[in-house]
J.: 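My questions all concern the structure below.
Everything quoted here is computed from the prediction, not taken from an experiment.
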2 protein chains.
Amino acid sequence: MLSVIRDLTVKDVRFPTSVEQLGSDAMHTDPDYSAAYVVLETDCNLRGFGLTFTLGKGTEIVVCAVKALAGLVVGKCLREIVSDFRGFYRLLSSDSQMRWLGPEKGVIHLATAAVLNAVWDLWARAEGKPLWKLLVDMDPKQIVSCIDFRYITDALTEEEALEILVKAQEGKQQREHQMLMEGYPAYTTSCAWIGYSDQLLQQLCTDALRSGWTKFKVKVGADLEDDVRRCRLIRETIGPNNTMMIDANQRWDVAEAIEWVSRLAEFKPLWIEEPTSPDDILGHATISKALAPYGIGVATGEQCHNRVMFKQFLQAAALQFVQIDACRLGSVNENLAVLLMAHKFKVPVCPHAGGVGLCELMQHLILFDYICVSVSLSNRMCEFVDHLHEHFTSPVVIQNACYMPPKDPGYSCEMFESSVRRHQFPDGDVWRLDMKK
Amino acid sequence: MLSVIRDLTVKDVRFPTSVEQLGSDAMHTDPDYSAAYVVLETDCNLRGFGLTFTLGKGTEIVVCAVKALAGLVVGKCLREIVSDFRGFYRLLSSDSQMRWLGPEKGVIHLATAAVLNAVWDLWARAEGKPLWKLLVDMDPKQIVSCIDFRYITDALTEEEALEILVKAQEGKQQREHQMLMEGYPAYTTSCAWIGYSDQLLQQLCTDALRSGWTKFKVKVGADLEDDVRRCRLIRETIGPNNTMMIDANQRWDVAEAIEWVSRLAEFKPLWIEEPTSPDDILGHATISKALAPYGIGVATGEQCHNRVMFKQFLQAAALQFVQIDACRLGSVNENLAVLLMAHKFKVPVCPHAGGVGLCELMQHLILFDYICVSVSLSNRMCEFVDHLHEHFTSPVVIQNACYMPPKDPGYSCEMFESSVRRHQFPDGDVWRLDMKK
């Protein structure tokens with residue numbers, strides 16, 4: 001805990017996922033899942049690993065932003081940081097000159113997440129615990145001291161947050177035990193990317209059912225007739241009792257979203273995800289209201305850029321499922337704020353994961369949510385996408401379609417050095433030897 | 001018009017304004033006004049100049065983002081771009097991999113503005129007209145063809161936009177003539193930065209009154225008793241009939257904003273600017289409602305990051321003054337969308353300017369607004385800050401506290417090469433020879 005952060009390095013790591021249309025959707029037709037990957041070096045042989053997820057081109061911009069933030073981190077002692085984590089969060093997110101570049105949004109906020117994810121990883125390793133367990137064992141007062149309440153006190157005060165956490169202390173051990181035995185329920189997005197053929201969809205769904213999956217997300221929004229065909233095919237394959245969600249990745253305007261989704265209502269999706277611009281709180285509220293009669297909720301959040309936006313989505317009843325993201329928001333600190341607000345507004349959190357490293361990170365936060373905040377699994381599940389886990393030293397473990405709590409100390413986003421080296425852009429073997437570059 | 005863009009260069013140019021507390025406010029205590037400065041080279045001896053404004057640290061991140069966008073611009077023919085400007089805007093703002101970094105917000109959107117500002121400058125130069133005149137002479141259909149209506153059709157359709165522009169054709173020549181004779185009304189922010197002493201405030205206000213200024217903006221939000229004293233001093237100095245506005249630069253939470261501004265109501269400010277987070281639409285709506293009985297409006301926009309946010313501010317009656325920004329929004333294209341929405345919602349536009357180059361850019365947009373959209377000067381004025389104009393080849397001309405329409409072809413943001421060279425960070429003389437670096 002007395003370790004001083006001596007150095008911060010950041011690398012541009014890209015995986016050529018677009019070759020197989022992995023991750024393809026209506027707006028992101030050819031993503032190369034990538035990360036700005038941060039390593040903190042200390043003076044006591046301890047290292048911290050963090051990342052922020054990107055889609056390929058432009059990762060170098062986030063790398064540049066991480067370098068700009070490095071000066072605020074290097075030289076600091078871990079104990080000094082975590083004893084006033086709220087202040088440290090504010091230092092990074094509200095630098096007098098750099099806040100113009102956000103504030104708390106876009107590239108600079110993604111970079112803040114990468115840096116703070118590494119600090120949280122370092123802290124958990126220093127304590128010898130997986131991050132979720134570090135959080136679960138923390139005193140409610142200490143949890144609250146990590147949160148910057150600026151701009152959200154009209155929705156959630158520090159006192160209210162503390163009250164929620166204190167109340168949830170009851171039954172905590174039992175829920176922790178339950179998670180260790182059963183894991184946290186997940187759904188899969190791996191079966192129905194928009195670039196996949198009907199045959200492949202059907203095959204993947206059938207395989208997934210055999211492996212115990214019961215909840216499936218389908219990418220929609222490129223072509224209505226395609227969507228009708230694909231949704232019908234998947235509903236027929238998974239049967240009436242399993243769960244289907246649909247995801248448009250921001251493809252529509254408000255009226256178009258309502259019309260399009262109404263056409264897909266017969267396939268009984270639980271939610272429509274990202275029907276329109278991620279910034280359009282009032283638009284999401286209109287869509288929520290229009291789709292309520294069909295029993296279809298609205299889910300959004302992977303591009304909801306900070307706690308102020310989530311606050312308004314909740315205030316306006318603009319979503320029925322909160323999809324936090326481990327890298328879009330300002331790391332654990334800001335995610336804690338959103339978990340607590342969602343609880344206050346009685347909206348379930350169903351996190352965004354996938355990409356590269358997002359599953360590894362997110363499992364920690366959602367375990368904490370169940371054990372210490374929401375105390376409920378009703379209408380809750382965490383996204384799972386089955387790729388790129390092989391690059392991590394402590395990859396996620398899925399059993400019976402559930403995330404099993406990680407046991408290794410840290411935040412689970414350390415990559416193998418060989419993976420980093422091979423995929424570094426533009427000089428790693430994967431890119432140097434490939435025409436994609 | 002047939003010129004092909006052969007090269008794009010971008011420079012990190014910083015002015016050490018923090019030394020004299022120029023530009024200081026409650027949240028940005030030591031800004032070094034800076035820019036990512038773009039030059040487009042063509043194959044026909046024509047060049048285009050554009051910039052985006054920043055506050056110092058982190059400008060290199062925007063420079064990096066501009067370089068990432070350059071590949072979408074270089075090689076294109078100007079005619080090809082402007083004949084489908086909506087498509088070109090979409091190309092830059094919605095690249096399948098890079099949109100993850102925004103979309104349309106933060107660093108990547110600031111960079112988009114810098115690039116597109118240079119394209120608009122190039123277009124105006126190719127036509128031999130100042131940008132405002134290029135816009136004023138354009139057919140309404142052509143104006144509309146520059147706007148991306150994605151995500152705003154629930155507030156303004158293409159047809160409605162066209163109707164507004166067609167209707168405003170009447171009396172256009174007369175208004176253009178009026179502007180050429182009288183100029184567009186301005187207010188000054190140069191007298192009351194937060195770092196200024198009382199004596200300096202009083203002196204600057206007295207001087208400004210003598211030069212014909214009648215509208216003054218005061219920075220508030222650091223300390224309530226200081227604010228009371230400063231507002232009283234300024235109101236006494238400028239008298240009861242001149243106009244005072246106050247600006248908190250996002251300092252407060254919602255309840256605090258209402259309480260603090262109520263305490264300053266006796267000094268009769270026309271508006272409170274940026275009372276809270278620029279993302280908090282619903283918070284601004286609450287503040288607007290609470291301050292209406294005092295006759296104080298809410299103004300915001302310099303950090304309102306795109307048309308989707310402005311749409312909601314208008315839908316929610318969350319602001320009474322729309323402050324567009326030439327670099328925060330995606331250049332002229334996105335500003336046109338906001339001008340037209342503001343007109344539809346009957347809210348006056350009072351643009352943000354100042355910084356470096358913002359006055360030079362903004363005068364063009366607000367002249368177009370008066371001549372071709374709003375056709376009104378009621379409750380309207382454009383910000384003016386009196387510094388750094390000497391670095392531009394066609395600086396703004398202020399007469400009787402009005403912006404006189406620029407006459408040189410282009411968008412007025414070409415800097416002298418010597419200024420760029422001297423202020424380039426970190427190698428220009430100003431930084432190399434200075435300890436600030």
J.: Which residues in residues 61-69 of chain A have a heavy atom less than 4.5 Å from any heavy atom of chain B?
T.: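 When heavy atoms of chain B are the reference, residues 61-69 of chain A contributes A/Ile61, A/Val62, A/Cys64, A/Ala65, A/Ala68 within the under-4.5 Å range.
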J.: Side chain from CB out, backbone as N, CA, C, O: work out which of these in A/Phe149 comes under 4.5 Å of a heavy atom of chain B, or both, or neither.
T.: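 For A/Phe149, backbone heavy atoms alone lie under 4.5 Å from chain B.
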J.: Relative to chain B, which segment of A/Asp154 carries a heavy atom at a distance below 4.5 Å: side chain, backbone, both, or neither?
T.: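 The answer is the side chain of A/Asp154.
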J.: Angle between ring planes, B/His28 versus A/Trp100, binned at 30° and 60°: parallel, tilted or perpendicular?
T.: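 Geometry flag for A/Trp100 against B/His28: perpendicular rings.
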J.: Examine whether an atom of B/Met27 lies under 4.5 Å from a heavy atom of chain A, and if so say whether it belongs to the side chain, the backbone or both; otherwise answer neither.
T.: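 Its backbone and side chain both get close to chain A.
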J.: Going by side chain to side chain contact (heavy atoms under 4.5 Å, CB included), name the residues that satisfy it together with B/Lys57, two or more places apart in sequence or in a different chain.
T.: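 By the side chain to side chain contact (heavy atoms under 4.5 Å, CB included) rule, B/Lys57 matches A/Asp95, A/Gln97, A/Met98.
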J.: Write down the atom of B/Gln312, the atom of A/Asp279, and the distance for their closest heavy-atom approach.
T.: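 Here B/Gln312 and A/Asp279 meet closest at NE2-O, 2.6 Å.
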J.: Chain B heavy atoms under 4.5 Å from A/Arg307: which part of the residue, side chain, backbone, both or neither?
T.: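 Neither part, no heavy atoms under 4.5 Å.
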J.: For B/Lys289, check side chain to side chain contact (heavy atoms under 4.5 Å, CB included) against everything at least two apart and list the hits.
T.: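 Residues passing side chain to side chain contact (heavy atoms under 4.5 Å, CB included) with B/Lys289: none at all.
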J.: Quick check on A/Arg328 against chain B: is it the side chain, the backbone, both or neither that has a heavy atom closer than 4.5 Å?
T.: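 Side chain of A/Arg328 only, per the 4.5 Å heavy-atom cut-off to chain B.
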J.: Rounded at 0.5 Å granularity, tell me how far CZ in B/Arg150 sits from OG1 in A/Thr276.
T.: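 Answer for the CZ-OG1 pair, B/Arg150 versus A/Thr276, is 9.0 Å.
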J.: Once rounded to the nearest 0.5 Å, what's the spacing between atom CG of B/Leu282 and atom CD of A/Gln315?
T.: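 Going from the CG atom of B/Leu282 to the CD atom of A/Gln315 covers 5.5 Å.
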J.: Considering only heavy atoms, give the residues of residues 252-261 of chain B separated from chain A by less than 4.5 Å, sorted numerically, with 'none' for an empty result.
T.: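 Interface residues of residues 252-261 of chain B: B/Trp252, B/Asp253, B/Val254.
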J.: Kindly say whether A/Thr29 contributes a backbone atom to a donor-acceptor pair with the side chain of B/Ser96 at under 3.5 angstrom?
T.: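 It does hold such a pair.
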